[in-house]
Amino acid sequence: MSLEVRIRHRQGRFLLDAEFASTGGLTVLFGRSGSGKTTLANAIAGLNRPGEGVIRLGDTVLLDTARGVFLPAHRRRIGYVFQDARLFPHLSVRHNLVYGTWFTRQRQAVADLDQVIGLLGIGHLLDRRPSGLSGGERQRVAIGRALMASPRLLLMDEPLASLDEARKAEILPFIERLRDEVGIPIVYVSHAVAEVARLATTVVVLVDGRVVRSGQARQVMASLDMFQGQERAEAGALLDTRLAGHEPAYALSVLQAPAGRLLVPLLDRPVGTPVRLRIRARDVTLAVRQPDGLSAQNILPGRITAIGRTDGPVVDVQLDCAGDLLIAQVTRRAIATLPLEVGRPVFAIVKSISFADGSDMGSSA
Amino acid sequence: MSLEVRIRHRQGRFLLDAEFASTGGLTVLFGRSGSGKTTLANAIAGLNRPGEGVIRLGDTVLLDTARGVFLPAHRRRIGYVFQDARLFPHLSVRHNLVYGTWFTRQRQAVADLDQVIGLLGIGHLLDRRPSGLSGGERQRVAIGRALMASPRLLLMDEPLASLDEARKAEILPFIERLRDEVGIPIVYVSHAVAEVARLATTVVVLVDGRVVRSGQARQVMASLDMFQGQERAEAGALLDTRLAGHEPAYALSVLQAPAGRLLVPLLDRPVGTPVRLRIRARDVTLAVRQPDGLSAQNILPGRITAIGRTDGPVVDVQLDCAGDLLIAQVTRRAIATLPLEVGRPVFAIVKSISFADGSDMGSSA
Amino acid sequence: ERLTVFAAASLKNALDEAITAFGAASGTEVVASYAASSALAKQIEAGAPADLFISADIPWMDYLAERDLIEPASRVDLLGNTLVLVAPADSDVAVTGIGADTDFAALLGDGRLAVGQVDSVPAGKYAKAALEKLGVWPAVEAKLAQSDNVRAALALVSQGEAPLGIVYGSDAASDPKVKVVGTFPKGSHPPIIYPAALVKADPARSEAAAFLAFLQGDEAAAAFRRAGFTVLDGAAS
Amino acid sequence: MGAWLTPEEWTAVLLSLRVATVATLWSLPFGLLVAMLLARGRFPGRAFLDTLVHLPLVLPPVVTGYLLLLTFGRRAPVGNFLAEQFGIVFAFRWTGAVLACAIMAFPLMVRAIRLSIEAVDRRLEQAAGTLGAHPAWVFLTVTLPLILPGIVAGMILSFAKALGEFGATITFVSNIPGETQTLPSAIYTLTQIPDGEAGAMRLVLVAVAISMAALIGSELLARRIHHRIGA
Amino acid sequence: MGAWLTPEEWTAVLLSLRVATVATLWSLPFGLLVAMLLARGRFPGRAFLDTLVHLPLVLPPVVTGYLLLLTFGRRAPVGNFLAEQFGIVFAFRWTGAVLACAIMAFPLMVRAIRLSIEAVDRRLEQAAGTLGAHPAWVFLTVTLPLILPGIVAGMILSFAKALGEFGATITFVSNIPGETQTLPSAIYTLTQIPDGEAGAMRLVLVAVAISMAALIGSELLARRIHHRIGA
Ligand SMILES: Nc1ncnc2c1ncn2[C@@H]1O[C@H](COP(=O)(O)OP(=O)(O)OP(=O)(O)O)[C@@H](O)[C@H]1O
Ligand SMILES: Nc1ncnc2c1ncn2[C@@H]1O[C@H](COP(=O)(O)OP(=O)(O)OP(=O)(O)O)[C@@H](O)[C@H]1O
Ligand SMILES: [Mg+2]
Ligand SMILES: [Mg+2]
């Protein structure tokens with residue numbers, strides 16, 4: 001289901017002037033604190049009423065100021081996981097969870113209660129009141145509450161910020177399943193580049209209330225200048241591969257990409273399944289000769305296609321590996337001493353691979 | 001200033017039974033959601049009153065149930081950045097910030113207002129009310145508020161969870177300066193292993209209300225079994241080095257560790273400064289032969305001292321590099337095919353280095 | 001079918017006794033609604049289910065008469081009362097007969113004279129008339145403490161707030177904390193009269209007339225006298 | 001207590017309890033509505049409605065009683081209409097005492113509820129909206145439970161006021177034993193006769209006992225609500 | 001208005017305003033204290049205090065007036081003490097009217113403030129504590145500003161009630177023009193004389209106008225506070 005947003009909304013001295021479209025999947029709203037992510041999410045949910053603009057979800061018009069259309073929040077069926085959990089203080093955790101089911105007409109639930117409870121690890125909290133929950137517990141209940149309402153679109157405003165890595169790792173695949181199997185489009189606000197890279201179909205980058213970049217995740221992510229400062233270390237490329245086989249003895253699976261074969265921790269999926277990988281620039285080492293005797297065995301041959309800005313110690317190098325674009329982050333010293341030049345054939349040694357679906361960060365070979 | 005905690009506190013069905021000591025610096029409370037981190041922080045702040053135990057800060061007894069001592073919160077001078085910002089809704093941002101200064105007797109402020117405002121990037125918010133702030137803005141003001149009260153101890157409950165990487169990167173060095181220069185002990189609740197590794201002097205690991213491990217950060221972090229599941233990929237070793245020189249042409253600095261020389265992005269510090277590094281297990285590749293022609297130029301010779309559990313695809317390998325302990329994460333397949341054995345001399349190729357002080361994650365050579 | 005009597009609140013004790021006696025004698029149940037005469041009159045005007053009205057003063061009975069709401073023929077002046085000057089029981093105020101020479105101002109000193117509201121409360125109106133008649137009104141007008149009912153005025157005296165008060169003899173007699181220091185001469189104020197009349201009803205109720213007659217009889221008169229009222233000529237005849 | 005009170009007084013006590021209870025319960029929905037309008041509504045005439053609601057507080061009760069008599073009396077237009085169309089008669093019935101008490105207590109109830117409504121975190125209502133709840137359901141499932149403390153406070157104030165009200169009541173529906181003579185009317189009557197003090201004090205103690213019981217009950221209720229809301 | 005009212009009525013209006021204002025202001029600190037005790041305190045006798053505060057609501061005003069007379073009268077122990085020690089005399093003074101109005105309005109003020117106190121997020125007070133604020137300062141800088149809406153509501157209720165009170169006042173300090181004759185006493189008096197309606201209605205309109213002005217003023221104030229609290 002597609003989502004189309006084109007709005008102008010003033011809030012105090014802050015002006016949100018955002019336009020983007022997504023064809024479904026998971027759209028990440030990315031931007032610094034105060035850039036307008038929550039304001040944009042609120043507009044989609046119907047919690048604020050932009051002065052001007054259009055919001056369309058599939059073929060439902062949620063907002064069209066020119067035609068005077070404003071669908072109230074309760075008729076939008078948009079599940080919203082708020083930045084602050086906003087649980088109902090007077091209801092038990094159980095009733096918070098099922099609250100949304102009281103109002104959904106159709107009974108085809110997106111997820112059943114037991115599943116949600118199990119996934120979020122909140123079974124022991126069901127009879128408690130929100131005031132007796134820890135910060136992370138609260139946020140998990142909030143996620144469950146939004147899911148239980150069987151929404152047509154899920155808005156998640158930094159849902160995992162207060163969760164530990166282990167819990168995140170359990171919830172992320174579920175969000176991916178919602179996106180891929182149930183087909184619920186998701187709008188996801190996040191600061192965490194790792195999450196963005198892993199989850200995003202579409203990325204929308206907000207700066208001071210304006211969309212400065214939006215589009216296919218792999219395009220936005222692979223652009224050399226997208227990440228400034230510290231975020232650069234998290235930049236990387238996305239690779240679409242296919243599961244080619246397993247090496248159960250070593251608990252590994254083999255993926256085939258245009259760029260070459262890659263070993264990853266065993267995937268419990270049938271051979272032939274498409275798998276999306278993320279290779280972070282900081283995890284790629286370049287070698288000018290075929291390396292040998294390394295513990296890292298994911299080595300892809302390629303050719304340098306671009307070398308990024310060369311002030312500062314670190315430089316982004318873009319490679320073409322049989323059509324797949326990779327980015328490597330190397331020191332300027334290495335550029336000068338090896339030397340690395342556009343057109344030079346090199347080997348990319350990939351230390352770690354993140355799965356854009358499946359379990360989190362697997363370290364491979 | 002040392003902090004000593006030994007308490008038992010019941011809260012509903014949850015029992016916190018915690019004991020740890022820290023000799024100052026930054027103590028990270030680490031644990032999954034619901035493990036009791038906030039409860040423990042509250043006990044230190046004086047916001048709950050444990051049924052049993054002792055809490056001592058320097059030579060001030062904050063709590064001693066046996067002797068009936070309970071110093072009320074307002075006399076503890078403990079700055080607390082809450083998980084939920086808890087700004088005063090009726091005060092402007094400016095007045096929220098200076099609130100604590102109204103009550104501190106001595107005028108030797110830890111940080112002055114302009115400095116705090118500049119650091120946190122909240123200058124444009126000063127005349128706003130908290131209700132008009134974004135989530136991250138609120139959290140920044142909360143950090144500023146706690147700092148302005150000139151506390152003797154700073155409690156920070158996931159202070160950076162809602163902030164973007166760039167902002168985190170600005171605030172972390174400041175927290176480190178507080179720790180190192182001003183000498184304020186800090187108790188820091190975090191899920192983020194990167195933050196833990198970078199900041200911690202002492203790490204306290206909580207599981208279900210009990211302290212399962214506590215001690216010097218480098219010891220706790222380097223233990224092979226500390227991180228379970230997904231967190232393993234974040235495990236790593238800490239290296240104490242000394243700044244040996246600069247290579248300004250490439251914007252690099254040279255660090256000398258017992259293990260060898262390491263190149264890192266230029267540090268604006270005098271030669272001789274001690275620098276602490278974190279080398280994550282996932283960033284270390286092993287080679288059985290001296291590698292050559294690699295963009296990665298931080299290569300340390302060493303010897304394998306231990307090989308971790310060998311079920312699953314990935315194995316932790318501990319190396320001794322002239323006294324420094326490193327951990328490398330490699331596949332089981334690499335162990336078998338290279339092969340890697342305890343005692344074998346190897347080369348550790350270090351792709352990325354995190355600074356445990358200085359600016360964040362620098363990718364080196 | 002029970003009878004409803006609307007009566008001034010001060011009549012409660014005596015009228016309750018009379019009602020009990022009438023009930024025993026005739027088997028007719030009578031209930032009494034006691035309130036300020038003003039309220040009762042306006043309620044009757046608004047159609048209250050009253051069969052008989054006993055007012056604490058004449059104007060409110062006239063008010064209903066003007067509006068043709070009572071049976072003129074049934075109207076009688078049922079009871080009378082005396083107007084007395086009271087002082088706290090421990091007071092050393094002494095008056096030998098209230099007359100034009102009584103120096104109220106001196107008796108009061110810097111205290112106040114407790115009365116019912118001189119414009120609205122019957123006892124207050126009588127007090128004003130008496131004081132005017134005695135020619136002392138200008139001297140005491142500024143020293144009045146007016147209450148919204150005569151009982152409140154009495155309380156001010158019995159609590160010692162006011163050194164003197166003007167109340168009904170029926171009220172003063174029963175309060176041990178006050179003493180009567182003088183009685184106003186009969187001619188000094190309009191006669192204190194509690195008129196009674198049947199409320200117009202269609203059809204007229206004979207029990208109501210019977211009860212009104214009973215109130216004018218000896219048995220009722222005894223009860224009224226015990227309560228300190230004077231039974232007027234029209235009654236018991 | 002039975003032996004301690006005359007049957008007539010006993011009747012007055014029971015009637016007062018009934019009147020106060022019924023008045024409180026009946027005025028609750030109206031109080032909620034008006035509180036909601038005043039707290040949330042932006043409409044012309046809001047200040048007028050606010051003033052109207054407060055009038056019974058500002059005017060002497062007798063005046064309110066007269067106004068009721070002029071409006072709902074047997075011969076008055078509204079009273080006549082209600083009687084003819086719906087068979088509802090207030091004049092000189094216990095129902096009239098209910099009306100008088102309800103109106104006298106109304107400003108207290110409205111204020112308490114309104115104060116609670118204004119304290120509700122509207123973001124919770126928004127959250128309910130995103131979960132598909134129609135505003136009416138939001139009101140029932142979120143707002144209403146959250147303002148329960150205010151409702152309880154409003155009801156207890158209203159009940160207490162209704163228990164003590166007599167100025168408007170006695171003026172509107174008189175003081176007819178068994179029908180409109182409430183506890184405070186009985187007390188008032190006793191204060192108007194010689195030797196009435198002892199009786200009045202006895203009834204005052206009864207009133208104090210009732211209100212104490214009501215207050216303790218409401219406290220327990222409030223504590224349970226507070227616990228449920230978890231604040 | 002001056003031409004419209006007799007000088008005596010004009011005096012009564014001004015006196016009423018003064019009495020209501022002074023009664024509201026004086027009872028505010030006590031109301032705050034009692035509301036705080038009832039909302040936060042856990043002490044024996046809490047139920048008793050609660051009942052005591054509510055009594056003026058439950059009892060007919062006349063009874064409250066008598067009780068005041070028995071307590072604060074010239075010869076009564078408390079009244080005597082106050083007069084001797086502090087020279088505070090209530091009898092037949094406008095101060096007595098203030099006392100009566102304050103006590104009659106007290107339950108309303110206490111309830112409104114208490115409701116607000118109970119709605120305060122105590123975690124904000126905790127936060128203030130960690131910033132070094134002594135509980136007294138926490139109260140002044142956090143609790144008090146947060147309960148301002150309740151205080152305003154309590155004051156407006158109290159003011160309105162004080163404006164309308166006369167039953168207890170007239171019983172306690174009687175009705176002395178210029179000293180204790182307030183607007184409601186004047187209105188009441190007019191209702192007690194045949195054909196006094198027209199005069200009474202005129203004064204009723206004055207009362208309505210005053211209360212409307214007070215309400216609008218309080219609304220504006222409340223809106224500003226609301227805006228400041230940012231809720
Ligand atoms: N008021 C309360 N009553 C009862 N149990 C509580 C209360 N507050 C917290 N708990 C429970 O105590 C445990 C510890 O809570 P705490 O807030 O300390 O966790 P935490 O480690 O801070 O978690 P998080 O990372 O999710 O914030 C949790 O299991 C929680 O459910
Ligand atoms: N009620 C309000 N009135 C005025 N300005 C507001 C209001 N709420 C938010 N703002 C401002 O609007 C801007 C965008 O806020 P928003 O909450 O959308 O940011 P965000 O991108 O979600 O940030 P964060 O990551 O910190 O949550 C901020 O500059 C904020 O200060
Ligand atoms: Mg936000
Ligand atoms: Mg917590």
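A note on names: the letters A, B, ... follow the listed sequences, proteins ahead of strands, and every chain is numbered from 1. Fair warning: this is a prediction, and the values are worked out from it, not measured in the lab.
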| Between OH on residue Tyr188(D) and CG on residue Asn149(C), distance to nearest 0.5 Å | 5.0 Å
| message | With a 4.0 Å cut-off on N to O distance, would you call Arg151(C) and Glu197(D) a salt bridge? | response | yes
| task | Let me know if Ala152(C) has heavy atoms under 4.5 Å from chain D in its side chain, its backbone, both or neither. | result | neither
| message | What verdict does the side chain to side chain contact (heavy atoms under 4.5 Å, CB included) test give for Ile193(D) and Lys12(C), after you've listed the backbone C-alpha separation in whole Å, the side-chain angles of each residue and the deciding distance to 0.1 Å? | response | CA-CA 7 Å; Ile193(D) 54 168; Lys12(C) 179 175 164 63; 3.5 Å; yes
| Between the side chain of Arg75(D) and the main-chain N/O of Glu45(C), is any donor-acceptor distance below 3.5 Å? | yes
| Tyr66(D) versus chain C, heavy atoms under 4.5 Å apart: side chain, backbone, both or neither? | side chain
| message | Give me the atom names and distance for the closest heavy-atom approach of Ala9(C) to Gln192(D). | response | CB-CB, 3.6 Å
| said: Between Asp171(C) and chain D, with a heavy-atom cut-off of 4.5 Å, which part of the residue counts as in contact: side chain, backbone, both or neither? | reply: both
| field | Ala32(C) to Pro177(D) - nearest heavy-atom pair and separation | value | O-CD, 3.0 Å
| remark: Highest number of heavy-atom pairs under 4.5 Å with chain D among Ala35(C), Gly228(C), Ala36(C), Pro49(C) belongs to Pro49(C)
| said: Using heavy-atom distances under 4.5 Å, tell me whether Ser170(C) contacts chain D through its side chain, its backbone, both, or neither. | reply: backbone
| Most heavy-atom pairs under 4.5 angstrom with chain C, which of Val173(D), Ile170(D), Leu70(D)? | Ile170(D)
| field | Trace of the side chain to side chain donor-acceptor pair (under 3.5 Å) decision for Ser174(D) with Gln43(C) | value | CA-CA 7 Å; Ser174(D) 194; Gln43(C) 286 162 4; 3.0 Å; yes
| request: Look up atom CG in Leu190(D) and atom CG in Asn13(C), then write down how far apart they are to the nearest 0.5 Å. | output: 8.5 Å
| task | Using a 4.5 Å cut-off on heavy atoms from C-beta on, say whether the side chain of Phe6(C) contacts that of Ile176(D). | result | yes
| query | What's the shortest heavy-atom distance between Thr189(D) and Tyr34(C), and which atoms? | reply | CG2-CB, 3.6 Å
